[in-house]
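See structure below.
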Amino acid sequence: MGEANKSAGKAAKEGITFGCALAMVISFTTWKSVGWAIFHGICSWGYVIYYIIRY
């Protein structure tokens, strides 16, 4: 059971990292601002979902 928890934790961490990177790329492409890209990277998947719904 310990291995399953490690795998789940690793997958969750990679998903969060991917969401952060994706949010930053979408934000920079849309707004051309590093500041907004950093802010939206912190928001991570929340911004990605917002962008999909909004645009």
Side-chain angles (χ1 to χ4, degrees):
M1 187 160 186
E3 283 295 314
N5 287 340
K6 288 181 185 177
S7 296
K10 184 177 178 185
K13 191 173 188 176
E14 288 174 1
I16 292 169
T17 303
F18 178 73
C20 178
L22 182 61
M24 291 178 82
V25 169
I26 291 171
S27 178
F28 188 77
T29 302
T30 304
W31 304 108
K32 305 289 191 251
S33 169
V34 174
W36 277 119
I38 292 170
F39 174 73
H40 291 141
I42 292 169
C43 296
S44 191
W45 283 109
Y47 180 71
V48 173
I49 293 169
Y50 165 77
Y51 184 83
I52 290 170
I53 291 171
R54 180 78 174 150
Y55 300 100

_Measuring from atom CE of Met24 to atom CZ of Phe28, what distance do you get when rounded to the nearest 0.5 angstrom?_
10.0 Å
Which donor-acceptor pairs under 3.5 Å do side chains of residues 38-55 form with protein atoms, sequence neighbours excluded?
{"residue": "His40", "atom": "ND1", "partner": "Ser27", "partner atom": "OG", "Å": "2.6"}
{"residue": "His40", "atom": "ND1", "partner": "Trp36", "partner atom": "O", "Å": "3.1"}
{"residue": "Ser44", "atom": "OG", "partner": "Cys20", "partner atom": "N", "Å": "3.3"}
{"residue": "Trp45", "atom": "NE1", "partner": "Gly15", "partner atom": "O", "Å": "2.8"}
{"residue": "Tyr47", "atom": "OH", "partner": "Trp31", "partner atom": "NE1", "Å": "3.2"}

*State, to 0.1 Å, how close Ile26 and Thr30 come at their nearest heavy-atom pair, and which atoms those are.*
O-OG1, 2.8 Å
*Could you work out the complete set of other residues in the hydrophobic cluster of Ile16, with links drawn between I, L, V, M, F, W and Y side chains under 4.5 Å apart?*
none
